[in-house]
Protein chains: 2
Amino acid sequence: MDAYTYIKKRILHGEFPPKMRLTEEYLAKQLQISRTPIREALKQLETEGLMFPMKRGVRVRHYTKEDIRQIYDVRTLLEGYAASQAALYRTRENLAEMKEANDRYEQTINHYFQTGETTVESILELNQTFHKSIVKASKNQHIMDLISKTVVLPLIFRSFYWFNEEQMRDSHEAHHTILHAIEVQDIERARAAMHEHIYHGRDQVLPHIETIAEDYSIPHQHPSK
Amino acid sequence: MDAYTYIKKRILHGEFPPKMRLTEEYLAKQLQISRTPIREALKQLETEGLMFPMKRGVRVRHYTKEDIRQIYDVRTLLEGYAASQAALYRTRENLAEMKEANDRYEQTINHYFQTGETTVESILELNQTFHKSIVKASKNQHIMDLISKTVVLPLIFRSFYWFNEEQMRDSHEAHHTILHAIEVQDIERARAAMHEHIYHGRDQVLPHIETIAEDYSIPHQHPSK
DNA sequence: TTGTCCTAGTTTGTATACAATAGATAATTG
DNA sequence: CAATTATCTATTGTATACAAACTAGGACAA
């Protein structure tokens with residue numbers, strides 16, 4: 001696994017929490033490589049907005065409640081548009097892909113509630129795959145790129161608050177509505193359904209942000225040298 | 001001037017044209033520094049989408065007609081939304097800033113047509129400043145970031161086709177309509193006017209893309225070692 | 001002539017060394 | 001005791017060296 005993937009994964013999984021300072025030497029030791037490729041990875045993550053630079057070095061970026069609110073506004077705009085375009089341009093292949101992604105998502109959720117197996121991360125990943133399949137159907141590569149860069153950020157927070165059965169049923173219903181609108185090419189309904197779905201997600205995340213921010217308010221040190 | 005700013009400027013001014021390969025040693029010699037900071041800059045530009053990576057090294061990214069079309073769709077969506085939010089949230093200070101930016105833009109244009117002085121680049125820059133002042137009034141930092149990353153790309157092409165008096169009058173009128181809608185807080189009108197303005201711009205750029213692409217179809221070599 | 005293989009030369013990717021300085025700790029003073 | 005300043009250590013930023021591998025060019029064969 002290259003340095004970029006490694007660091008990003010650990011950030012999204014919360015092992016490198018917001019505000020934590022990441023030193024190059026520490027990461028280099030972890031990965032058994034020199035500082036040079038580490039710097040490359042950090043620069044990329046910084047450009048993507050996952051790290052923020054200090055006078056010297058970088059820290060994992062943290063987000064205020066207002067940040068999350070703004071990001072969700074952007075995401076709603078982009079994904080809502082993508083859904084409307086998907087309703088316009090979707091092919092039979094797109095529909096099949098969307099349905100398959102959604103099926104796998106629901107299967108895993110059922111499996112989770114029945115047995116308690118499977119990780120939260122894997123469910124979030126499958127949810128993302130479903131959303132991506134819709135964006136893909138919009139036939140706009142540039143909006144795809146933008147969304148996949150914008151969407152990762154709130155992921156940091158999701159794993160903290162998630163998962164009760166009620167929320168699961170909601171998302172089940174919402175996905176179904178969106179899929180149907182895209183299938184029958186109801187452009188405005190596709191956009192509206194996606195809007196509602198994402199804003200609903202936002203309203204579940206937002207109340208928890210303060211708490212999370214508190215947990216990590218003290219700049220973290222490196223785990224055991 | 002740091003490496004990032006230097007390279008980016010030369011790309012946007014067309015001195016490093018699309019598809020041109022940039023070698024690290026060449027840039028290092030130009031700037032009289034070592035390859036290390038050059039690599040940083042190239043990595044950042046690659047992440048931002050201005051360069052595309054090969055198996056080894058990078059080239060200046062080129063855009064097809066379809067790319068430009070998609071980018072304009074995204075830009076219209078983002079700036080249209082920003083205009084509508086600006087209509088909602090603009091303060092008196094925002095209005096003043098927007099008007100001043102537009103005044104300076106128009107003054108420079110008049111000066112250009114009367115005397116032929118001032119560069120095309122400076123006019124484009126002032127136009128961008130005007131657009132930025134609107135996005136700023138939307139009070140969404142994340143949409144600002146996204147737009148400033150998305151908008152630069154088509155700039156590469158603008159300087160090629162621009163400038164006759166008719167297009168100038170159009171933009172004069174469009175700016176005025178947008179400003180007015182934001183001032184009287186007509187949200188939908190602000191969005192619609194911005195949409196129209198940007199799509200109009202797109203329709204003037206698009207027909208010229210093929211020609212430009214042709215000019216640079218042959219991978220360029222470095223200017224004199 | 002066209003296609004393929006091989007070779008030579010560039011250019012990148014990674015490691016490492018060294019100097020500059022930011023940030024932490026201790027000391028000092030109001 | 002708090003707050004400011006000074007010192008010192010840790011970490012970064014830059015340069016440089018070396019090995020790996022891609023690109024381009026030419027030779028050779030079909």
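Everything numeric here is computed off the predicted structure, so don't read it as measured data. Lettering follows sequence order; numbering is per chain, from 1.
Heavy atoms of B/E24 sit under 4.0 angstrom from primed sugar atoms or phosphate atoms, though from no base atom.
Between the side chain of B/K139 and the backbone N or O of B/Y89 there is at least one donor-acceptor pair closer than 3.5 Å. No donor-acceptor pair closer than 3.5 Å links the side chain of A/E79 to the backbone N or O of A/I147. Side-chain atoms of B/R90 come within 3.5 Å of backbone atoms of B/I182 as a donor-acceptor pair (strictly under, hydrogens ignored).
One atom, NZ of A/K29, and another, P of D/dT12, lie 12 Å apart when rounded to the nearest Å. Rounded to whole angstrom, the span from the CG atom of B/L42 across to the P atom of C/dT11 amounts to 14 Å. The nearest whole Å value for the distance from the CG atom in A/L27 to the C1' atom in C/dA15 is 17 Å. Taking atom OH on B/Y4 and atom P on D/dG13, their separation rounds to 17 Å, with Å as the unit. As a whole-Å value, the separation of B/R56 CZ from D/dT23 C1' is 10 Å. Protein atom CD1 of B/I38 is 15 Å distant from nucleotide atom C1' of D/dT16, rounded to whole Å. Rounding to whole angstrom units, CD of residue A/E25 and P of D/dG13 are separated by 13 Å. Rounded to an integer number of Å, the gap from CD of B/Q32 to C1' of D/dT14 is 15 Å.
Dashed line: the shortest gap from a side-chain N or O of A/T36 to OP1 or OP2 of C/dT14 is not under 4.0 Å. Considering only side-chain N and O atoms, B/R35 lies nowhere under 4.0 angstrom from the phosphate OP1 or OP2 of D/dA15.
Considering only heavy atoms from C-beta on, A/I143 stays 4.5 Å or farther from B/Q70 through its side chain.
For A/K55, whose side chain is taken as the heavy atoms from C-beta onward, the closest listed nucleotide among C/dA22, D/dT12, D/dA15 is C/dA22. Nearest nucleotide to the side chain of B/S34, out of D/dG13, D/dT14, D/dA21: D/dT14. The side chain of A/R21 has D/dT12 as its nearest neighbour among C/dT12, D/dT12, C/dT16. When the nucleotides C/dT11, C/dA15, D/dA15 are ranked by their closest atom to the side chain of B/I33, D/dA15 comes out on top. Closest contact between the side chain of B/R39 and the listed nucleotides C/dT14, D/dA15, D/dG13 involves C/dT14.
Each of A/E40 and A/M54 was assigned the nucleotide of DNA chain C with the nearest heavy atom; the assignment lying further toward the 5' end belongs to A/E40.
A salt bridge does not link A/K43 with A/E40: every distance from a Lys NZ or Arg NE/NH1/NH2 to an Asp or Glu carboxylate oxygen is 4.0 Å or more.
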